[in-house]
Amino acid sequence: MEKLERLQKVIAAAGVASRRKAEELITSGVVKVNGKTVKELGTKVSPQDKIEVNGIPVHKENHVYLLMNKPRGCVTTMKDEFDRKTVMDFIGKEITERVYPVGRLDYDTAGVLLLTNDGDFANKMMHPRTHIPKTYLARVKGIATKGSLKPLVNGVKIKDYVTAPAAFHIVSTDTENDSTLVELTIHEGRYHQVKLMFEAVGHPVKRLRRDRFAFLDANGVEQGKFRHLAKSEVKELLRIAEEEASEKMPIRVMKGMRQY
């Protein structure tokens, strides 16, 4: 019996788009299966079915997993409407597959960023229930103390939601410039979340870098450069995603990370 899979999963696995974007493509009416337009998200297809997106046949690509050391001054999108530099400008012609960013980092934020053409993998890395830990190094305004940052541990209210429990470590303080270097580990990935969290406790961010995505860091990777993830690293990321998804509360801090 042929294995049937959801249409959006097949499109994502082919590297056309992330799972979420694939769903948008389907509902917008630009996806055809065997010559017929399909808008139902529950549609299942077999390996023999002919799938097209915007008239272009979908072919399964070899999966690619990259770790980039994102520089500041570029956006985490495929193309920018304001013609700003994007992370894709740093990929070049070395990678022939159509990779895309896993999540996002702000224009002025540097650090670890994953890219892939494996939509299923990307979805697991970004899905809210997986709670994969991400560690940032932030230079914030003011002299932060354990007391002033303690609300971050229990979660702070931002707009219409309360953040999940986080972990922090005060790396150093600079009384001359009235600033503090803080390491913060979160398990979510909402828009501007780290900046909004520090702002909520009275310490606006001056400079921000993502140091780690789970156990991965950018050591040995120059800014603007990237490396391929090893199969063992991809496997471990998927294991962590499955393990974190089974936890009731996203409060686990990975080995080597400090929590206060």
Side-chain angles (χ1 to χ4, degrees), residues 18 63-78 80 84-95 97-118 121-122 124-126 130-140 166-172 179-195 197-198 205-241 244 252-259:
S18 66
H63 287 157
V64 176
Y65 309 91
L66 307 176
L67 183 155
M68 173 183 282
N69 187 352
K70 176 191 175 295
R72 295 180 176 83
C74 66
V75 290
T76 316
T77 57
M78 299 295 289
D80 184 59
R84 293 175 295 181
K85 181 174 287 188
T86 78
V87 292
M88 303 311 299
D89 293 320
F90 296 93
I91 296 298
K93 297 180 180 180
E94 179 184 341
I95 304 299
E97 293 83 0
R98 184 182 181 276
V99 298
Y100 47 84
V102 177
R104 69 174 69 189
L105 288 179
D106 291 344
Y107 179 81
D108 58 351
T109 300
V112 177
L113 176 70
L114 302 187
L115 298 99
T116 188
N117 62 343
D118 184 345
F121 171 82
K124 288 178 179 178
M125 294 302 103
M126 294 186 291
T130 56
H131 311 306
I132 291 180
K134 293 166 278 286
T135 301
Y136 294 79
L137 192 63
R139 172 67 64 181
V140 302
F168 72 85
H169 168 65
I170 297 176
V171 178
S172 63
S179 68
T180 307
L181 192 62
V182 184
E183 184 182 77
L184 179 72
T185 299
I186 65 173
H187 297 77
E188 301 167 289
R190 296 174 185 262
Y191 189 59
H192 292 325
Q193 182 174 337
V194 173
K195 293 177 181 177
M197 287 176 72
F198 278 114
V205 171
K206 299 176 67 175
R207 197 173 179 85
L208 185 63
R209 184 180 80 216
R210 184 197 275 171
D211 265 8
R212 291 189 294 275
F213 186 98
F215 59 91
L216 296 170
D217 59 42
N219 291 344
V221 182
E222 296 179 15
Q223 282 205 352
K225 303 295 184 180
F226 61 88
R227 70 171 178 84
H228 289 265
L229 293 183
K231 289 183 179 179
S232 59
E233 291 175 322
V234 174
K235 185 177 180 180
E236 179 64 8
L237 286 171
L238 291 172
R239 186 197 67 76
I240 291 170
E244 291 292 339
R252 188 173 72 89
V253 179
M254 298 198 64
K255 184 177 181 181
M257 295 182 184
R258 291 162 286 200
Q259 183 174 19

Can you measure from [atom1] ([X]) to [atom2] ([Y]) and round to the nearest 0.5 angstrom?
{"X": "K225", "Y": "L67", "atom1": "NZ", "atom2": "CG", "value": "14.5 Å"}
{"X": "E97", "Y": "T116", "atom1": "CD", "atom2": "OG1", "value": "9.5 Å"}
{"X": "M125", "Y": "I240", "atom1": "CE", "atom2": "CD1", "value": "8.0 Å"}
{"X": "M78", "Y": "M88", "atom1": "CE", "atom2": "CE", "value": "4.0 Å"}
{"X": "L137", "Y": "R139", "atom1": "CG", "atom2": "CZ", "value": "8.0 Å"}
{"X": "F168", "Y": "F198", "atom1": "CZ", "atom2": "CZ", "value": "9.0 Å"}

Inspect the contact between [Y] and [X] and indicate whether a charged nitrogen and a carboxylate oxygen are less than 4.0 angstrom apart.
{"X": "D211", "Y": "R209", "value": "yes"}
{"X": "E222", "Y": "R227", "value": "no"}
{"X": "K195", "Y": "D108", "value": "yes"}

Heavy-atom closest pair, residues [X] and [Y]:
{"X": "G103", "Y": "L113", "result": "O-CD1, 4.4 Å"}
{"X": "G73", "Y": "K85", "result": "O-CB, 4.2 Å"}
{"X": "E233", "Y": "H228", "result": "OE1-O, 4.4 Å"}
{"X": "C74", "Y": "V87", "result": "SG-CG1, 3.9 Å"}
{"X": "Q223", "Y": "A110", "result": "NE2-CB, 3.9 Å"}

Could you tell me whether the side chain of [Y] reaches within less than 4.5 Å of the side chain of [X], counting heavy atoms only?
{"X": "L216", "Y": "L114", "value": "yes"}
{"X": "F226", "Y": "E94", "value": "yes"}
{"X": "F90", "Y": "L115", "value": "no"}
{"X": "L66", "Y": "I95", "value": "yes"}
{"X": "L184", "Y": "V194", "value": "yes"}
{"X": "V182", "Y": "H169", "value": "no"}
{"X": "R72", "Y": "T109", "value": "no"}
{"X": "L229", "Y": "L237", "value": "yes"}

Main-chain N/O of [Y] paired to [X] side chain as donor or acceptor, under 3.5 Å:
{"X": "Q193", "Y": "R190", "result": "yes"}
{"X": "R210", "Y": "V112", "result": "yes"}
{"X": "T86", "Y": "T76", "result": "no"}
{"X": "K70", "Y": "M68", "result": "no"}

Exercise: do [X] and [Y] side chains pair donor with acceptor under 3.5 Å:
{"X": "D106", "Y": "H192", "answer": "yes"}
{"X": "T185", "Y": "T135", "answer": "yes"}
{"X": "D118", "Y": "Y65", "answer": "yes"}

Looking at Y107, I'd like to know if the NZ or CZ of R84 sits under 6.0 Å from its six-membered ring centre while staying within 45 degrees of the ring's axis.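 Judged by the rule (NZ or CZ under 6.0 Å from the ring centre, within 45° of its axis), R84 counts as positioned above Y107.
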Exceeds 12 heavy-atom contacts within 6.0 angstrom, atom CZ of R207: no
Using a cut-off of 6.0 Å, state whether more than 12 heavy atoms not belonging to R104 lie near its atom CZ.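 Incorrect, the count does not exceed 12.
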Give the intermediate values and the outcome of salt bridge (Lys or Arg N to Asp or Glu O under 4.0 Å) for residues E236 and K231. CA-CA 9 Å; E236 179 64 8; K231 289 183 179 179; over 6 Å; no
